[in-house]
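To find a chain, count down the sequence lines: A is the first, B the second, and so on, and within it residues start at 1.
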Amino acid sequence: MSEPKNQQATLSSDAAEVRAQKLAILREKIGDVYPAHFHRTMTNAELAEKYEGLEPDTETADEVTVAGRVYSSRNSGMFIDLRDASGKIQIFSHKDTTPEEARELLPLIDLGDIIGVTGKVRRTKRGELTINAETITMLTKSLLPMPEKWHGVSDIELRYRKRHLDIMTNEESKLRFLQRSKILSGVRRFMEGEGFLEVETPMLQTIYGGATADPFKTFHNTLKMDMYLRIAPELYLKRTLVSGLSDKVFEVNRNFRNEGVSTRHNPEFTMMECYWAYADYEDIMGLVERMLETLALSLYGTTEVAFGDKVLNFKGPFKRVAMPDAVKEATGIDFLAIKTDEEARAAAKAAGFEVEKDWTWGECLAFIFEEKVEGTLIQPSHVTHFPKDISPFAKEVPGEPRLVERFESYCNAWEIANAFSELNDPEEQRRRMVEQLEQAHARGEKDKQLDDEFLDAIDQGMPPAGGLGVGIDRLIMLLTNAPSIRDVILFPARRNKVD
RNA sequence: GAGAGCGUAGCUCAGCCGGUAGAGCAACUGACUUUUAAUCAGUAGGUCAUGGGUUCGAAUCCCAUCGCUCUCACCA
């Protein structure tokens, strides 16, 4: 709708009004409803662990202080389930054990409020670890109702727009974001274990490059110039490699691409890129295998990971297949026997593929690969020997100059990694970048410029190296059984909505 | 960008061969009191996304707009 509705509308619902009234009463009664200082003696999980062996129907003299959000309330507040990030604890308030002053607060406490409780620990005869409340401290009054307690928030739009409600009420969602953090730190730990140094390179760039994608453009006021959010860190990481700071560098950070949004694409996404001097693309294959295996093991204790109705096995070594071989097997077309672009197009056309009339041999090969092979690559596998035409930063395969030492790792038919033996011949690099630039300009991409600073660094001499990029969000999807990239990004890109 | 589908109470959902809006949870009032989605009785809550049209009558049919989802395209 074009006219924004009054924001007050959401607050005027009964539940919210009642909460506002309760807040006013609380302010009158206890003063500060949002106190700055409160210290718990332990988390709910620590409490559960400490008293794991406490028998049912047993009281202790141990006094503890806990804090958390009220998730449910039974018997008019006599039983309250309090949750902090670590877990749940039951609070018991009864006239025999809880002073009048604390019990007076109970009618003013709503689901979703954050409270602190001090009292003695016991386990009820039903086996529930419980604190007999002696003091109750209001820490935060919630002015909005909690989502339905049994189903949580299931409206997909709400789950993405109000992620706090999603995580608050959906255990699966909470777990997935915990796993995301674990995977991210796992990637860093793995790379450091392999001897890589984490570095940070610019996200704001004056010349964008390192991939083919539309950038986000912005403007620097003081420098008075256009800048771009990076589409890849590649060129800066290579300049770092030239420096000799480390022979193994990596970066985990956001890339930005001004393109389509889908279940597998978010305009900003997390990429891990690394460059390894004196290594080649085959060394990188081993690195990818070790990394995925390590991550799966750290999450599940096994390399077998459920995804939808499939089971993905990340145990290395992965299957390896050269792109021309894969295409030959799938279609019978032997690209290595085809000499010219024209013959390649004719062969593709004869096999029923619609090819553009200016496509090269390599473009035809890659197209047929995507059409016929990509979708079959369910278990983790490496596809090697890419056409040079679509790989401006990779070294030629000795004896077959139309192919390069490049591989992409696939899983569940998605590309999850892209790696090459990095081109370090300055003259060849310049030729290919000029060619790429001309193609970009021909496409109407007029902002694309030649990165002279990068070429200058390559002129200085970059050691032979293997390089790798891993799409971390997709990797997380695979490792956490998430059907959409929005399920693994806390706040995925949304259209603005005024309601 | 194209196609298909969806949008009903704070939340989860019924109702959709057109006859004037319903349940559960949450809320409120009361009862009960060692519960585990507590229970019982009652109350309140909706411009059925928005705007138009067809009709005696529209949540329901049609059109447009907004938002979302999926598929495709672009792209990894």
Rounded to the nearest Å, what distance is computed from the [atom1] atom of residue [X] to the [atom2] atom of nucleotide [N]?
{"X": "A:Met168", "N": "B:C11", "atom1": "CE", "atom2": "C1'", "result": "13 Å"}
{"X": "A:Leu144", "N": "B:A27", "atom1": "CG", "atom2": "P", "result": "14 Å"}
{"X": "A:Ile25", "N": "B:C28", "atom1": "CD1", "atom2": "P", "result": "11 Å"}
{"X": "A:Leu158", "N": "B:U69", "atom1": "CG", "atom2": "P", "result": "12 Å"}
{"X": "A:Gln90", "N": "B:A38", "atom1": "CD", "atom2": "P", "result": "10 Å"}
{"X": "A:Phe79", "N": "B:A37", "atom1": "CZ", "atom2": "P", "result": "13 Å"}
{"X": "A:Leu165", "N": "B:U12", "atom1": "CG", "atom2": "P", "result": "10 Å"}

Between [N] and [M], how many Å separate the two [atom1] atoms, rounded to a whole number?
{"N": "B:U47", "M": "B:A21", "atom1": "C1'", "value": "13 Å"}
{"N": "B:G19", "M": "B:G51", "atom1": "P", "value": "22 Å"}
{"N": "B:C16", "M": "B:A59", "atom1": "P", "value": "14 Å"}
{"N": "B:G22", "M": "B:U60", "atom1": "C1'", "value": "15 Å"}
{"N": "B:C25", "M": "B:A37", "atom1": "P", "value": "13 Å"}
{"N": "B:U43", "M": "B:C17", "atom1": "P", "value": "31 Å"}
{"N": "B:C66", "M": "B:G30", "atom1": "P", "value": "49 Å"}
{"N": "B:G7", "M": "B:U50", "atom1": "C1'", "value": "11 Å"}

- Return the residues of residues 93-115 of chain A meeting this criterion: a heavy atom under 4.0 Å from some atom of RNA chain B. Order them by number, or give none. A:Leu111
- Strand-adjacent residues in residues 117-124 of chain A, judged by heavy atoms under 4.0 Å from RNA chain B: A:Arg122, A:Thr124
Under 4.0 Å between any heavy atoms, over every strand shown, what does [X] touch: base, sugar-phosphate, or nothing? Just pick one.
{"X": "A:Met78", "result": "base"}
{"X": "A:Tyr71", "result": "nothing"}
{"X": "A:Gly469", "result": "nothing"}
{"X": "A:Glu374", "result": "base"}
{"X": "A:Asp155", "result": "sugar-phosphate"}

- How about A:Glu405 and A:His385: does a side-chain donor come under 3.5 Å of a side-chain acceptor?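 Their side chains do not contain a donor-acceptor pair, so the 3.5 Å distance test is not met.
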- Task: Report yes or no: do A:Arg122 and A:Asn132 form a side-chain donor-acceptor pair below 3.5 Å?
- Result: yes
Does atom [atom1] of [X] have more than 12 heavy-atom neighbours from other groups under 6.0 Å away?
{"X": "A:Glu101", "atom1": "CD", "answer": "no"}
{"X": "A:Glu200", "atom1": "CD", "answer": "no"}
{"X": "A:Lys349", "atom1": "NZ", "answer": "no"}
{"X": "A:Glu49", "atom1": "CD", "answer": "no"}
{"X": "A:Lys319", "atom1": "NZ", "answer": "no"}
{"X": "A:Glu172", "atom1": "CD", "answer": "no"}

Is there a Watson-Crick or G-U wobble partner for [N] with both distances under 3.5 Å, and which nucleotide is it?
{"N": "B:G5", "value": "B:C68"}
{"N": "B:G51", "value": "B:C63"}
{"N": "B:A23", "value": "B:U12"}
{"N": "B:G42", "value": "B:C28"}

- Item | Phosphate contact (B:U12 OP1 or OP2) by A:Ser154 side-chain N/O below 4.0 Å |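 Yes, A:Ser154 has a side-chain N/O under 4.0 Å of OP1/OP2 on B:U12.
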- Side-chain N or O of A:Lys149 closer than 4.0 Å to phosphate OP1/OP2 of B:A38: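 The answer is yes; a side-chain N or O of A:Lys149 sits under 4.0 Å from OP1 or OP2.
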Could you write out each protein N or O paired with an N or O of nucleotides 29-32 of chain B at a distance under 3.5 Å?
from: B:C32; atom 1: N4; to: A:Ser76; atom 2: OG; distance (Å): 2.9

Are the side chains of [X] and [Y] in touch, meaning some heavy atoms are under 4.5 Å apart?
{"X": "A:Lys22", "Y": "A:Asp110", "answer": "yes"}
{"X": "A:Met272", "Y": "A:Leu475", "answer": "no"}
{"X": "A:Trp361", "Y": "A:Arg345", "answer": "no"}

- Parallel, tilted or perpendicular: rings of A:Phe420 and A:Phe393 (30°, 60°): parallel
- Query: For residues 258-271 of chain A, which residue pairs qualify under salt bridge (Lys or Arg N to Asp or Glu O under 4.0 Å), counting only residues two or more places apart or in two chains?
  - Reply: A:Arg254-A:Glu268
Find every protein N or O atom lying less than 3.5 Å from an N or O atom of nucleotides 7-9 of chain B, and list the pairs.
none

Mind checking what makes ring-ring contact (aromatic ring centres under 6.0 Å, His included) contact with [X], not counting sequence neighbours?
{"X": "A:Tyr410", "answer": "A:Phe369"}
{"X": "A:Tyr228", "answer": "A:Tyr208"}
{"X": "A:His94", "answer": "A:Phe92"}

- Item | Partners passing side-chain contact (heavy atoms from CB on, under 4.5 Å) against A:Ser173 (at least two apart in sequence or in another chain) | A:Arg159, A:Arg163, A:Asp166, A:Ile167, A:Asn170, A:Phe177
- Task: Please collect all ring pair (Phe, Tyr, Trp, His ring centres under 6.0 Å) contacts where either partner lies in residues 121-152 of chain A, sequence neighbours excluded, each pair once.
- Result: none
What nucleotide, of [options], holds the atom closest to the side chain of [X]?
{"X": "A:Pro145", "options": "B:G67, B:A27, B:A26", "answer": "B:A26"}
{"X": "A:Glu148", "options": "B:C28, B:U34, B:G24", "answer": "B:G24"}
{"X": "A:Pro147", "options": "B:U69, B:A26, B:C11", "answer": "B:C11"}
{"X": "A:Lys125", "options": "B:C75, B:U34, B:U69", "answer": "B:U34"}

- Task: Tell whether A:His151 reaches the base of B:C11 with its side chain through a donor-acceptor pair below 3.5 angstrom.
- Result: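 In this structure, the two groups form no donor-acceptor pair.
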- Task: Answer yes if the ring centres of A:Phe307 and A:Trp414 are under 6.0 angstrom apart, and no otherwise.
- Result: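 For A:Phe307 and A:Trp414, the ring centres are under 6.0 Å apart.
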N/O to N/O distances under 3.5 Å, protein versus nucleotides 70-73 of chain B:
from: B:C70; atom 1: OP2; to: A:Arg486; atom 2: NH1; distance (Å): 3.1

Only distances under 3.5 Å count here; give the side-chain donor-acceptor pairs of residues 476-484 of chain A to other protein atoms, sequence neighbours excluded, each with its distance to 0.1 Å.
from: A:Thr480; atom 1: OG1; to: A:Ile476; atom 2: O; distance (Å): 2.7
from: A:Asn481; atom 1: OD1; to: A:Gly308; atom 2: N; distance (Å): 2.7
from: A:Ser484; atom 1: OG; to: A:Arg486; atom 2: N; distance (Å): 3.1

- Task: Using the closest heavy atom to pick a nucleotide of RNA chain B for each, name whichever of A:Val153 or A:Lys88 lands nearer the 5' end.
- Result: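 Upstream on the strand: A:Val153.
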